[in-house]
There are 2 protein chains.
Amino acid sequence: MYLRALIGLAEDGTTTCSSEELAASAGVNSAKLRKDLSYLGSYGTRGVGYDVEYLRYQIAREIGVTHDWPVVIVGIGNLGHALANYSGFRSRGFRVVALLDADPSRHDEVVAGLDVRSFEDLESIVTEHDVSIGVIATPAVASQSVADRMVAAGITSILNFAPSVLSVPDGVDVRKVDLSIELQILAYHEQRKSVATGTEGVS
Amino acid sequence: MYLRALIGLAEDGTTTCSSEELAASAGVNSAKLRKDLSYLGSYGTRGVGYDVEYLRYQIAREIGVTHDWPVVIVGIGNLGHALANYSGFRSRGFRVVALLDADPSRHDEVVAGLDVRSFEDLESIVTEHDVSIGVIATPAVASQSVADRMVAAGITSILNFAPSVLSVPDGVDVRKVDLSIELQILAYHEQRKSVATGTEGVS
DNA sequence: AGGAGTTTGTGAACGGGAGAACAAAACGGC
DNA sequence: GCCGTTTTGTTCTCCCGTTCACAAACTCCT
């Protein structure tokens, strides 16, 4: 988030910023920002602030976005389609090297300039491109078996868009994004709002 | 998450479950689950466990998924396209009532059975369908102005997929989903793994 | 050179979530 | 009807992230 805020500041032509400004851009408290940055090192100048370009490079180096990460996406339904085309991945240092789907009827499609290939090709693709990050955009029922195959093939980080809890061995990282859970959280607060104001009754 | 786990258990034909089982399905600790459920009330039976259907209804009622929530999606690019087609929304009680885009060249498209309409129609749609939840899938530069218009039109909950920090008045909830941040977090851990094992050097 | 004004970096206090542990309650067998 | 077993609901403790507050350090102006 700080890196993204710095990029935004750099695009606006800002060369130096205080922790207060950067915190506002990132939407956090300035003390938290200073403490977070202090874990990386002492990259600011007291009385002046942070050099935008310098700090940007230091953060990029620390979090590992200085080189491209190859990524495979499994499950080319609506969501996988969008992810394959999502420009944010490429601009943040991720390169989609393959799109896989278990459904043979999808194998003739070309999405985002890539052939949709058979899920059976997973191992060879992972080996060839030295892929360590996989994205699961399949239905929930398929997600665990896809994850197992990914782990067996050597993938050690998984981004899971399926609404399922994956079990993986130690040493493998999983992050889960559940789009409808986010909406449900908003709906919950909406409901509480209407209860509080008495606009709407809840049986 | 608990609701989803309960639905899964119900589909498997389970009628009763212990906190231990449900916690395992949801991927959390059983003490935490019991504590969370205790905030809703005392819906379990000691020595027996929870009735799946009963608990499911109670949670659904509490979080407000007993009735459908109308939703508008603004920005019908790749991501908006996928969101409009995403079946998880409908099955979780959300109904997409309109798709809006500022680009007139998109207005002839039909996505997921809905016309893509002009962003200018926002106010009338919100009023007509009593929409309180809006989804922003525009580029980052447009997101703040879209949010402002949404708030002015009466929307009080926003799900923001743009990589930007939105500022909104009190009483409006914003949740942010940033797809590439998730990948960056995985990449960070990957980098640390390779540093720790000495597989790869970091200058 | 020195003091006033800024801004970072960090020690201390605060708050809240997570897990362990246990009392209360329900069921089943005798 | 009573006791052992099981499982919930809740309290207590611990730990971690966040925030406050302040000393150290840097710049600018006189």
Side-chain angles (χ1 to χ4, degrees), chain A residues 1-3 5-6 9-10 14-59 61-63 165 167 170 173-176 178 181-182 184-185 188-189 192, chain B residues 1-3 5-6 9-10 14-59 61-63 165 173-176 178 181-182 184-185 188-189 192:
Chain A
M1 282 161 35
Y2 300 152
L3 178 59
L6 283 168
L9 288 175
T14 312
T15 60
T16 289
C17 71
S18 68
S19 63
E20 206 74 47
E21 293 171 280
L22 184 53
S25 299
V28 300
N29 182 291
S30 67
K32 172 165 156 50
L33 178 136
R34 289 200 301 277
K35 180 158 287 190
D36 287 345
L37 293 185
S38 76
Y39 287 114
L40 310 185
S42 187
Y43 297 134
T45 308
R46 299 180 188 211
V48 178
Y50 298 94
D51 182 277
V52 172
E53 277 305 318
Y54 181 58
L55 183 59
R56 175 180 168 181
Y57 170 72
Q58 293 297 341
I59 294 181
R61 183 179 58 78
E62 179 74 23
I63 66 179
V165 178
S167 67
D170 284 354
D173 287 312
V174 174
R175 293 193 67 84
K176 183 176 158 187
D178 190 325
I181 285 259
E182 300 294 328
Q184 287 189 353
I185 293 170
Y188 169 70
H189 289 296
R192 300 208 56 165
Chain B
M1 281 161 35
Y2 301 152
L3 178 59
L6 282 169
L9 287 176
T14 312
T15 60
T16 290
C17 70
S18 68
S19 63
E20 205 75 46
E21 293 171 281
L22 184 53
S25 298
V28 301
N29 183 288
S30 68
K32 172 166 156 49
L33 177 137
R34 288 200 301 276
K35 185 177 287 185
D36 287 344
L37 293 186
S38 76
Y39 287 115
L40 310 186
S42 187
Y43 296 134
T45 308
R46 300 180 188 212
V48 178
Y50 299 95
D51 183 277
V52 172
E53 276 306 318
Y54 181 57
L55 184 58
R56 176 180 167 178
Y57 170 73
Q58 293 297 339
I59 294 181
R61 184 180 57 79
E62 179 73 23
I63 67 179
V165 177
D173 286 311
V174 175
R175 291 192 67 85
K176 183 176 158 188
D178 189 325
I181 285 259
E182 300 294 327
Q184 287 190 353
I185 293 169
Y188 169 72
H189 290 297
R192 300 208 57 165

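Each chain gets a letter, A, B and so on, in the order its sequence line appears, and its residues count up from 1. If you're wondering where the values come from, they're calculated on a predicted model, not measured in any experiment.
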Legend entry - Candidate pair Leu37(A) and Ile59(A), rule side-chain contact (heavy atoms from CB on, under 4.5 Å), full reasoning: CA-CA 9 Å; Leu37(A) 293 185; Ile59(A) 294 181; 4.0 Å; yes
Inset, instruction - Could you go through the side chain to side chain donor-acceptor pair (under 3.5 Å) check for Tyr57(A) and Arg61(A) one step at a time? - result: CA-CA 6 Å; Tyr57(A) 170 72; Arg61(A) 183 179 58 78; 4.6 Å; no
Legend entry - Test log, rule side-chain contact (heavy atoms from CB on, under 4.5 Å), inputs Thr15(B) and Val52(B): CA-CA 5 Å; Thr15(B) 60; Val52(B) 172; 5.6 Å; no
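Sequence neighbours left out, the pairs with a member in residues 24-45 of chain A that pass ring pair (Phe, Tyr, Trp, His ring centres under 6.0 Å) are Tyr43(A)-Tyr54(A). Counting only residues at least two apart or on different chains, the salt bridge (Lys or Arg N to Asp or Glu O under 4.0 Å) pairs with a member in residues 15-32 of chain A are Lys32(A)-Asp36(A).
The salt bridge (charged side-chain N to carboxylate O under 4.0 Å, His left out) check on Arg56(B) picks up Glu53(B), with sequence neighbours excluded. For Ser19(A), the side chain to side chain donor-acceptor pair (under 3.5 Å) criterion is met by Arg34(A), not counting sequence neighbours. Partners of Glu62(B) according to the side chain to side chain donor-acceptor pair (under 3.5 Å) rule, which considers only residues two or more places apart in sequence or in another chain, do not exist here. With sequence neighbours left out, the side chain to side chain contact (heavy atoms under 4.5 Å, CB included) criterion links Ala23(A) to Val28(A), Ser30(A), Leu33(A). Every residue two or more places apart in sequence or in another chain was checked for a side chain to side chain contact (heavy atoms under 4.5 Å, CB included) with Arg46(B), and none qualifies. With sequence neighbours left out, Glu182(B) forms a side chain to side chain donor-acceptor pair (under 3.5 Å) with Arg175(A).
Separation of atoms CE (Met1(A)) and CD1 (Ile181(B)) is listed at 6.5 Å; rounding is to 0.5 Å.
Rounded to an integer number of Å, the gap from CG of Asp51(A) to P of dT7(C) is 16 Å. Whole-Å rounding puts the Leu40(A) CG to dT8(C) C1' distance at 14 Å.
Once you apply a 4.0 Å limit to the heavy atoms of chain A, the touched nucleotides of DNA chain D run 5' to 3' over dT18(D) to dT27(D).
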Distances for protein N/O vs nucleotides 23-25 of chain C N/O pairs under 3.5 angstrom?
residue: dA24(C); atom: N3; partner: Arg46(B); partner atom: NH1; Å: 2.7

Shorter than 3.5 Å, N or O on both sides, protein versus nucleotides 16-18 of chain C: list them out with atom names.
residue: dA18(C); atom: OP2; partner: Lys32(B); partner atom: NZ; Å: 3.1

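Each of Ser38(A) and Val48(B) has a nearest nucleotide on DNA chain C; the 5'-most of these lies closest to Ser38(A).
Within residues 15-23 of chain B, no residue approaches DNA chain C, by heavy-atom distance under 4.0 Å.
Proximity of Ser42(A) to the phosphate of dG9(C): a side-chain N or O atom is located under 4.0 Å from OP1 or OP2.
Two residues are said to be in side-chain contact when any heavy atoms from C-beta on lie closer than 4.5 Å; Thr45(B) and Thr16(B) fail this criterion.
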